[in-house]
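See below for the structure under consideration.
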4 protein chains.
Amino acid sequence: MAQRAKNRPSDVQRNPEWTKAQLLEAARLEFSENGLSGARVNDIAERARVNKQLLYYYFGDKESLYVAVLKQAYEEIRAREEELNLTELPPAAAMNRFIEFTFDYLTDNRYFVALLIDENFHKARHVRGSRDLQDMHTRLRKSIGGILARGERDGVFRADIDPIELYISIASLCYFYYSNIHTLSAIFGRGLSERSEISRRRQHVIDFVNAYLKA
Amino acid sequence: MAQRAKNRPSDVQRNPEWTKAQLLEAARLEFSENGLSGARVNDIAERARVNKQLLYYYFGDKESLYVAVLKQAYEEIRAREEELNLTELPPAAAMNRFIEFTFDYLTDNRYFVALLIDENFHKARHVRGSRDLQDMHTRLRKSIGGILARGERDGVFRADIDPIELYISIASLCYFYYSNIHTLSAIFGRGLSERSEISRRRQHVIDFVNAYLKA
Amino acid sequence: MAQRAKNRPSDVQRNPEWTKAQLLEAARLEFSENGLSGARVNDIAERARVNKQLLYYYFGDKESLYVAVLKQAYEEIRAREEELNLTELPPAAAMNRFIEFTFDYLTDNRYFVALLIDENFHKARHVRGSRDLQDMHTRLRKSIGGILARGERDGVFRADIDPIELYISIASLCYFYYSNIHTLSAIFGRGLSERSEISRRRQHVIDFVNAYLKA
Amino acid sequence: MAQRAKNRPSDVQRNPEWTKAQLLEAARLEFSENGLSGARVNDIAERARVNKQLLYYYFGDKESLYVAVLKQAYEEIRAREEELNLTELPPAAAMNRFIEFTFDYLTDNRYFVALLIDENFHKARHVRGSRDLQDMHTRLRKSIGGILARGERDGVFRADIDPIELYISIASLCYFYYSNIHTLSAIFGRGLSERSEISRRRQHVIDFVNAYLKA
DNA sequence: AATGAATGAGTTTTCATTCAT
DNA sequence: TATGAATGAAAACTCATTCAT
């Protein structure tokens with residue numbers, strides 16, 4: 001059912017980095033599927049195909065592993081965002097690229113949506129106060145702010161858009177679809193997980209945001 | 001700390017309706033704060049100030065109680081929506097009223113956001129297949145569809161807006177804010193739970209949706 | 001090997017007082033035989049012939065049970081001491097009665113010696129700060145102080161004996177024998193647990209203390 | 001907090017004797033602070049600043065290390081006692097020197113008290129049957145017996161004192177104070193670990209024993 | 001001789017649920 | 001209808017010990 005760790009590289013029988021990476025990946029899946037409280041340490045270890053106690057050896061306890069997973073998840077998406085080199089594109093293209101990336105990243109990494117929301121359940125207790133995280137997002141805000149400024153100057157975007165407000169709206173439109181995909185499918189009797197529905201939604205989000213940007 | 005049940009009506013020692021209502025309310029809070037797996041049957045009973053066994057007596061088990069809570073939650077919001085009498089308003093006003101209602105309802109009933117998302121964690125297992133629920137939302141779709149049709153006819157809305165797509169977008173903009181309010185506050189170093197931030201967000205959502213409707 | 005709980009009284013199938021008492025007694029033995037860290041919650045429950053989880057139901061956790069055991073143990077010995085009615089005896093007789101009681105109580109309740117010493121291992125963390133305990137021992141000090149005063153006045157005891165100092169010495173002579181009975185037996189190759197050795201020791205302690213009192 | 005091993009001599013990368021000594025010292029502290037069952041192999045290794053596996057390499061297992069610690073502890077105190085050269089002193093002086101030594105040794109080596117008592121917890125399982133240990137204590141008994149004989153002959157001591165009985169009493173008065181110092185402090189609300197209390201106690205013990213010797 | 005990784009058995013604790021009254 | 005006592009399965013976590021290098 002759940003995806004399993006690849007076989008341990010046979011030439012290295014003891015490979016702490018590999019072990020830790022396996023655990024992190026398995027934990028990421030478990031936590032995103034079941035949340036912090038629903039996740040089972042046993043299952044994480046099994047999924048990672050490592051001895052359960054190594055989890056404690058390397059991460060201390062379940063909660064610390066959870067924190068490590070969260071941190072890694074944020075780092076990954078923000079790193080991927082920075083690779084987009086949005087500053088090199090014209091503002092409208094940059095913005096669309098950002099929207100598309102956000103939507104597509106979640107399509108490919110649905111675990112991330114669940115992870116963030118579960119962390120919210122805990123009132124952000126595990127990420128609150130992380131200097132790293134705040135710095136990461138200060139850069140994000142500046143990046144979006146830069147695109148908006150260029151767009152305004154060029155006359156392609158409306159004036160006075162708050163970058164954080166905009167970011168939250170873009171994120172809303174992308175994340176909510178996945179965070180509620182099953183309940184929405186159920187109540188509207190529609191298979192929102194299907195490829196066609198997803199690409200339809202993707203286009204809608206792009207249109208939706210653009211309507212605002214250019215209003 | 002957590003809100004407690006009011007004193008049991010003193011003249012009735014045995015009051016099944018009161019007891020069930022207490023349990024439902026306590027469960028709603030517990031489940032929304034901790035999710036299905038994180039919620040504790042003990043805590044629900046304590047919160048409801050009734051004996052734990054009564055929970056089993058009236059609802060069978062934890063999961064059935066969860067289903068009852070979910071169903072009640074959906075019923076409440078949809079009932080409130082129907083009370084808005086949107087069909088009696090001009091389309092633009094009707095739509096704004098709907099947006100405002102959606103946002104404000106979540107502001108006042110944050111538990112609902114958490115509840116839906118937790119249910120999504122379980123792949124909507126508990127609501128999937130409920131005929132009642134689907135009927136309820138068919139009415140919702142028709143209601144929104146009617147407003148859109150009127151607006152298009154009057155020339156105040158753009159043409160060809162899919163009512164479900166639009167509903168999901170409005171919901172996205174409202175729900176996501178609350179479903180991620182703590183994590184967003186943490187990463188952006190901003191107190192999004194403050195009254196001023198909330199009303200600022202409310203206005204942004206209204207503007208955002210209107211830009212699309214009128215584009 | 002270990003002594004077992006008597007059968008649960010057949011006419012009462014659910015008897016919380018009985019259950020708690022069983023647990024306390026079983027715990028007293030386990031803790032005195034193995035110390036706090038060496039004791040096994042499983043073994044305590046088995047000894048008490050009750051479900052292991054009742055231990056948590058009634059006492060919260062292992063450590064709280066330990067505290068309850070300690071408190072009860074102190075209460076018991078001090079209560080027994082008060083029953084001696086030392087104030088009604090002439091000072092020399094009172095003192096001898098006290099010495100004999102102390103020695104005999106430990107002979108019959110060896111667990112108590114082990115318990116105190118184990119608690120000392122934990123730097124008295126579990127009893128420190130207990131108002132009850134201090135009050136209990138204030139009474140003890142006054143009682144001994146009273147006997148000493150009477151004895152001094154009557155000229156049968158030397159003057160200026162500090163009651164706490166004396167108490168500690170009496171306790172030393174009684175407790176140490178039992179707290180080290182096995183090691184002493186081993187190094188001196190003598191069976192100090194035998195009845196004859198014990199009564200020989202008892203007399204020695206009486207003589208030893210009296211020599212000081214009358215010096 | 002806990003005292004740490006001194007830096008490993010830099011010129012020797014591999015130094016079995018040093019390593020073993022470090023382990024023994026660390027183990028002595030750990031065992032005396034926590035007992036056999038409470039001690040953690042991990043902590044011992046950390047304290048000794050050596051790899052945990054070396055503990056197994058040199059001592060086999062936790063329990064064997066415990067035995068080694070016990071043996072060394074007994075050897076040390078008995079060796080120090082023999083260095084007192086009690087036979088060269090007049091009997092009263094010799095006895096006082098012995099009492100003082102016993103008390104002072106424990107003041108400086110409190111771990112020893114805990115060690116013996118913990119071993120008693122285990123019914124002296126680890127020292128029972130050791131020929132070395134018995135020989136060691138046969139010499140001790142003879143030494144005390146010699147002093148007593150000389151004292152009796154000189155008329156400074158009472159007659160018919162059993163050397164083992166006396167030894168146990170002296171030990172009682174010295175050991176008990178330390179084995180119960182925290183609990184006694186707690187119940188009597190007195191800081192018995194303070195220097196002033198200790199020297200007061202020391203004098204009391206001397207007086208107490210002398211009263212008996214000369215009775 | 002020395003090291004860090006890995007393991008399995010065991011230990012405390014949690015928790016939904018049922019029993020007996 | 002209501003209650004507190006009792007239960008068993010499972011969960012997180014600990015710990016001495018061994019493996020591989």
Side-chain angles (χ1 to χ4, degrees), chain A residues 8 12-20 37-45 50-65, chain B residues 8 12-20 36-45 50-63 65, chain C residues 8 12-20 37-45 50-65, chain D residues 8 12-20 36-45 50-63 65:
Chain A
R8 172 180 293 201
V12 274
Q13 303 233 4
R14 341 192 98 211
N15 189 334
E17 291 314 313
W18 180 88
T19 302
K20 274 194 268 189
S37 69
R40 296 291 162 247
V41 165
N42 254 322
D43 296 349
I44 294 174
V50 305
N51 185 286
K52 177 171 55 155
Q53 278 55 28
L54 285 181
L55 188 157
Y56 291 94
Y57 185 64
Y58 286 116
F59 294 95
D61 61 8
K62 186 186 179 185
E63 202 148 354
S64 303
L65 177 56
Chain B
R8 168 179 298 196
V12 276
Q13 297 212 353
R14 315 189 144 206
N15 188 335
E17 290 316 311
W18 181 88
T19 303
K20 274 198 267 188
L36 173 55
S37 70
R40 297 292 161 246
V41 166
N42 258 322
D43 294 350
I44 293 173
V50 305
N51 185 279
K52 183 171 47 161
Q53 173 58 15
L54 288 181
L55 187 157
Y56 290 92
Y57 185 70
Y58 286 118
F59 295 96
D61 63 7
K62 186 187 181 186
E63 202 147 353
L65 176 57
Chain C
R8 173 182 291 199
V12 274
Q13 303 234 3
R14 340 193 97 210
N15 189 334
E17 291 314 313
W18 181 88
T19 302
K20 275 193 269 189
S37 69
R40 297 290 162 248
V41 165
N42 255 324
D43 295 350
I44 294 174
V50 304
N51 184 285
K52 178 173 51 157
Q53 278 56 24
L54 285 180
L55 188 156
Y56 291 92
Y57 186 64
Y58 286 116
F59 294 96
D61 61 8
K62 187 185 180 185
E63 201 148 355
S64 303
L65 177 56
Chain D
R8 168 180 296 197
V12 274
Q13 298 213 350
R14 313 188 145 208
N15 189 335
E17 290 315 312
W18 180 88
T19 302
K20 275 198 267 190
L36 173 53
S37 70
R40 297 293 161 245
V41 167
N42 258 324
D43 295 350
I44 294 174
V50 305
N51 185 280
K52 183 172 47 161
Q53 173 57 15
L54 287 180
L55 186 156
Y56 290 91
Y57 186 70
Y58 286 118
F59 295 96
D61 61 9
K62 186 187 180 184
E63 202 147 354
L65 175 57

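Because only heavy atoms are used, hydrogens play no part in the values below, and waters and symmetry mates are left out as well, while side chains stay in. Naming convention: chains lettered A, B, ... in sequence-line order (proteins, then strands); numbering from 1 in each chain.
- Nearest heavy-atom pair across T19(D) and Y58(D) is CG2-CE1, 3.7 Å.
- Between the CD1 atom of I44(A) and the CG atom of L55(A) there is a distance of 6.0 Å, given to the nearest 0.5 Å.
- In this structure, the CH2 atom of W18(B) is 15 Å from the P atom of dT1(F), given to the nearest Å.
- Taking the nucleotide of DNA chain E with the nearest heavy atom to each of Y58(A) and D61(B), the more 5' of the two is matched to Y58(A).
- Nearest approach of K62(B) to L36(B), heavy atoms of both residues: NZ-O, 2.8 Å.
- Within the 4.0 angstrom heavy-atom criterion, no nucleotide atom of any strand lies near F59(A).
- Distance CG (N42(B)) to P (dT13(E)): 17 Å, rounded to an integer number of Å.
- In terms of heavy atoms, S37(C) sits closest to S37(D) at OG-OG, 3.2 Å.
- dA11(F) and dT12(E) make up a base pair, with Watson-Crick or G-U wobble contacts both under 3.5 Å.
- Put simply, R40(A) has no side-chain N or O that comes within less than 4.0 Å of OP1 or OP2 on dA10(F).
- Comparing dT17(E), dT7(E), dA2(F) by their closest approach to the side chain of L54(B) singles out dA2(F).
- A straight line from CG of L36(B) to P of dC15(E) spans 13 Å, rounded to a whole angstrom.
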Please walk me through it: do Y57(C) and N51(C) pass side-chain contact (heavy atoms from CB on, under 4.5 Å)?
CA-CA 10 Å; Y57(C) 186 64; N51(C) 184 285; over 6 Å; no
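- Distance N15(C) CG to dA20(E) P: 16 Å, rounded to the nearest Å.
- Residue K20(A) comes nearest to F59(A) through the heavy atom pair O-CZ, 4.1 Å, listed as atom of the first residue, atom of the second, then distance.
- With distances taken from any side-chain atom of Q53(B) to the nucleotides dT18(E), dT13(E), dC19(F), the minimum falls on dT18(E).
- Summarising the base pairing, dA1(E) is matched to no nucleotide, lacking a Watson-Crick or G-U wobble pair whose two defining distances lie under 3.5 Å.
- Counting non-hydrogen atoms under 4.0 angstrom, A45(D) reaches nothing in the nucleic acid.
- For dT1(F), one of the phosphate oxygens OP1 or OP2 lies less than 4.0 angstrom from a side-chain nitrogen or oxygen of Y57(B).
- Sequence order on DNA chain E of the closest nucleotides to S37(B) and E63(C) puts E63(C) first from the 5' end.
- Taking the nucleotide of DNA chain F with the nearest heavy atom to each of A39(A) and A39(D), the more 5' of the two is matched to A39(A).
- Under the Watson-Crick or G-U wobble criterion, with both distances below 3.5 Å, dT21(E) is paired with dA2(F).
- One interatomic measurement links the two molecules: NZ of K62(A) to P of dT14(F), which rounds to 14 Å at whole-angstrom precision.
- In the set dA16(E), dT14(F), dT7(E), the nucleotide with an atom closest to the side chain of N51(A) is dT7(E).
- Relative to the side chain of K52(D), the nucleotides dT17(E), dA6(E), dA12(F) differ in distance, and dA6(E) lies closest.
- The CG-P distance, from D43(C) to dT11(E), rounds to 8 Å in whole Å.
- Following rounding to the nearest Å, Y56(B) (OH) and dA5(F) (C1') show an atom-to-atom distance of 15 Å.
- Distances shorter than 4.0 Å separate none of the side-chain N or O atoms of T19(D) from OP1 or OP2 on dA1(E).
- Distance CG (L55(A)) to P (dA12(F)): 10 Å, rounded to an integer number of Å.
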